[in-house]
Number of protein chains: 2
Amino acid sequence: MADGTSLTIHEAALTTGWSSRMLRYIEDSGLVVPRRSPAGYRLFGPGELQRLRTLRELLEDFELDLSDVGFALRLRHDAELREALDGWFAAEPMRPPEVAAPDWLVYEQEKHLQLLALAGPVTVGSTGKET
Amino acid sequence: MADGTSLTIHEAALTTGWSSRMLRYIEDSGLVVPRRSPAGYRLFGPGELQRLRTLRELLEDFELDLSDVGFALRLRHDAELREALDGWFAAEPMRPPEVAAPDWLVYEQEKHLQLLALAGPVTVGSTGKET
DNA sequence: CGAACCTTACCAGGCTTATGCGAAGGTTGG
DNA sequence: CCAACCTTCGCATAAGCCTGGTAAGGTTCG
C-alpha cells in the first residue's frame, strides 16, 4: 500500500509514536494535514512524518498542549488577531521597575484609550498611600 | 479605601464586568497584575481597569480563552519557545488546498523556510500513485 | 467595637481537550 | 472471496480550564 513515499495512518502511527486516533485529531486541529489517496486514505509523506515527530518534541520540551500549538497556528494566519493581541500587550502597565514608558508605548495606550470612554479620572503616576 | 486613583477588587469588579474571583484568577494567569496596598489589598489603577475591559472585548471578539491570551503572553516573553514554534511552522509542507483545514487556515509563509534544517532527507515531490 | 471590606485556600460543577474503543461500511490485494 | 486495512461517527473517561462558593482570618472606618 501507499505509493512508495507515503505511509498509511497505521504505519505513520508506528513510526511517529502517535496513535492513529491522534493523527486524525491532529489533522482536525489543522496541524499536519496529510493528503488523501483517491479512495480517501490518508497518505503521510516524509515531510509529514518529520513534522509529527518534531511536534512530539515540541510539546514535551516546552510542556505545550496541542491546543497551544493550534492557537499559535491561528496566530500565524490571523493578522487581525495578532494585532489585537499586540495592542493589548503593548498597553501593559509595566509594574515593578519604574520603567518610564517609551513614547511608542504611550501612543499605543492612547490609541486604546480613545476607543473606549474610560470611567473616572485618568490619573497616572500613583503614590500608593492610604490611612 | 483606595488611594483616589485606584479601586479595590470589588469595585474593580463592578466597573469591569469581571467577578472578584476572576480578577484574582486573571492575576494568577499573569495578565493584569495590580499592585498591592501595604496591607496586601489589590489596587487597580485606571490602566488596569482599562486593560481588564479591553481584555473582555478581546476574548469576545476573537472567541479566545484566558489560557489563549496567557499563552500569547508566554510567547512574548519566551524567545526560545517562539523560535521553536517558528521553526516548526516554517517546515510546513504546503500543498494546494483541495478541501482541508479550518477557514482561518491560509498558506502564505515560506519566508524563513531555511530557518532550520530538518533532520532527514526531505524527499518531497512524489507522484501520488499506487497500484 | 462591629460591619463590611480584604486575603488565601480549598471544594465543586460545567465545559473543553486529549485519548481510546467499537460500530458500520468502503478498499485493497493475495 | 476474504483478511486486513481504511473511513467517519459516536460513546467514554481522565485531566484541565473557568467560575462560583465558602471558610478562617486580617484591615478599615464609622
Side-chain angles (χ1 to χ4, degrees), chain A residues 1-4 6-45 48 52 55-56 58-60 62-74 128-131, chain B residues 1-4 6-45 48 52 55-56 58-60 62-74 98-100 102 128-131:
Chain A
M1 38 187 53
D3 64 1
S6 299
L7 305 185
T8 59
I9 197 171
H10 183 58
E11 299 167 329
L14 292 179
T15 69
T16 61
W18 292 103
S19 65
S20 304
R21 179 67 173 78
M22 284 311 292
L23 291 184
R24 298 196 183 94
Y25 185 75
I26 289 171
E27 175 178 16
D28 287 346
S29 71
L31 319 164
V32 190
V33 179
R35 67 179 195 287
R36 301 296 188 103
S37 76
Y41 286 20
R42 290 175 181 78
L43 297 177
F44 294 83
E48 272 103 20
L52 286 168
L55 181 57
R56 283 193 129 304
L58 204 54
L59 299 190
E60 198 171 305
F62 293 92
E63 300 209 324
L64 304 179
D65 296 324
L66 283 175
S67 57
D68 290 328
V69 186
F71 180 67
L73 176 62
R74 185 179 167 192
K129 288 271 64 174
E130 70 274 288
T131 70
Chain B
M1 49 187 63
D3 64 359
S6 299
L7 304 185
T8 60
I9 197 169
H10 183 57
E11 299 167 328
L14 292 179
T15 69
T16 61
W18 293 103
S19 64
S20 304
R21 180 69 174 79
M22 285 310 292
L23 290 184
R24 298 199 183 91
Y25 184 75
I26 289 170
E27 175 179 16
D28 288 346
S29 70
L31 319 163
V32 191
V33 179
R35 68 180 192 288
R36 300 296 189 102
S37 77
Y41 286 20
R42 291 174 181 78
L43 296 178
F44 294 83
E48 272 102 21
L52 286 168
L55 181 57
R56 284 194 128 296
L58 203 54
L59 299 189
E60 198 171 306
F62 293 93
E63 299 209 315
L64 303 180
D65 296 323
L66 283 176
S67 57
D68 290 328
V69 186
F71 180 66
L73 176 62
R74 184 178 167 194
E98 36 183 301
V99 148
K129 281 280 65 182
E130 65 284 286
T131 45

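Throughout, protein chains are lettered first and strands after them, A, B, ... in sequence-line order, and every chain is numbered starting at 1. Excluded from the calculations below are hydrogen atoms, water molecules and symmetry mates; all remaining heavy atoms, backbone and side chain alike, are included.
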Distance check needed: D:dC17 P versus B:L64 CG, whole Å only. 16 Å

Would you kindly give the CD-to-P distance between A:E27 and D:dC6, to the nearest whole Å? 14 Å

On the nucleotide D:dC5, are OP1 or OP2 found under 4.0 Å from the side-chain N or O atoms that A:T8 carries? no

Check whether any side-chain heavy atom of B:I26 lies under 4.5 Å from a side-chain heavy atom of B:E48, and answer yes or no. no

Whether B:R24 contacts C:dT7 is assessed here as follows: a side-chain N or O lying under 4.0 Å from the phosphate OP1 or OP2. Is that the case? yes

I need the CG-P distance between B:L23 and D:dG21, as an integer number of Å. 14 Å

Please, which pairs that meet salt bridge (charged side-chain N to carboxylate O under 4.0 Å, His left out) have at least one residue in residues 13-26 of chain B, sequence neighbours excluded? none

Kindly point out which of C:dT8, C:dC5, D:dC5 is positioned nearest to the side chain of B:Y41? C:dC5

Separation of C:dT28 P from A:R36 CZ (nearest whole Å): 14 Å

Taking the side chain as every heavy atom from C-beta outward, state whether B:L64 and A:F71 have any pair of such atoms under 4.5 Å apart. yes

Check the phosphate of D:dT7 against A:R42, side-chain N and O only, distance under 4.0 Å to OP1 or OP2. Yes or no? yes

Once Watson-Crick and G-U wobble pairs under 3.5 Å are found, how is DNA chain C written in dot-bracket notation, 5' to 3', with | for any base paired to another strand? ||||||||||||.|||||||||||||||||

A side-chain contact here means heavy atoms from C-beta on lying under 4.5 Å apart; do A:L55 and A:L66 qualify? yes

Identify all pairs in which a protein N or O lies below 3.5 Å from an N or O of nucleotides 14-18 of chain C, and state each distance.
from, atom 1, to, atom 2, distance (Å)
C:dA18, OP1, A:L66, N, 3.0
C:dA18, OP1, A:S67, N, 2.8
C:dA18, OP2, A:Y25, OH, 2.4

side-chain contact (heavy atoms from CB on, under 4.5 Å) with B:R56: which residues, sequence neighbours excluded? B:W18

Hey, are the side chains of A:F44 and A:L52 touching, using non-hydrogen atoms and a 4.5 Å cut-off? yes

Phosphate OP1/OP2 of C:dG20: any A:S19 side-chain N/O under 4.0 Å: yes

What is the distance from atom CG of A:L31 to atom OG of A:S67, rounded to the nearest 0.5 Å? 10.0 Å

Please list, chain by chain and in numerical order, all residues satisfying side-chain contact (heavy atoms from CB on, under 4.5 Å) with B:Y41, sequence neighbours excluded. B:S37, B:A39

For the pair made of NE2 in A:H10 and C1' in C:dT27, what is the distance, rounded to whole Å? 17 Å

Rounded to the Å, how far apart are B:E11 CD and C:dC6 C1'? 11 Å

For B:D28, side-chain contact (heavy atoms from CB on, under 4.5 Å) partners two or more places apart: none

Nearest-angstrom distance from the residue atom CD1 of B:I9 to C1' of D:dT28: 17 Å

Using whole Å, what does the distance between atom P of nucleotide D:dG20 and atom CD1 of B:I26 come to? 10 Å

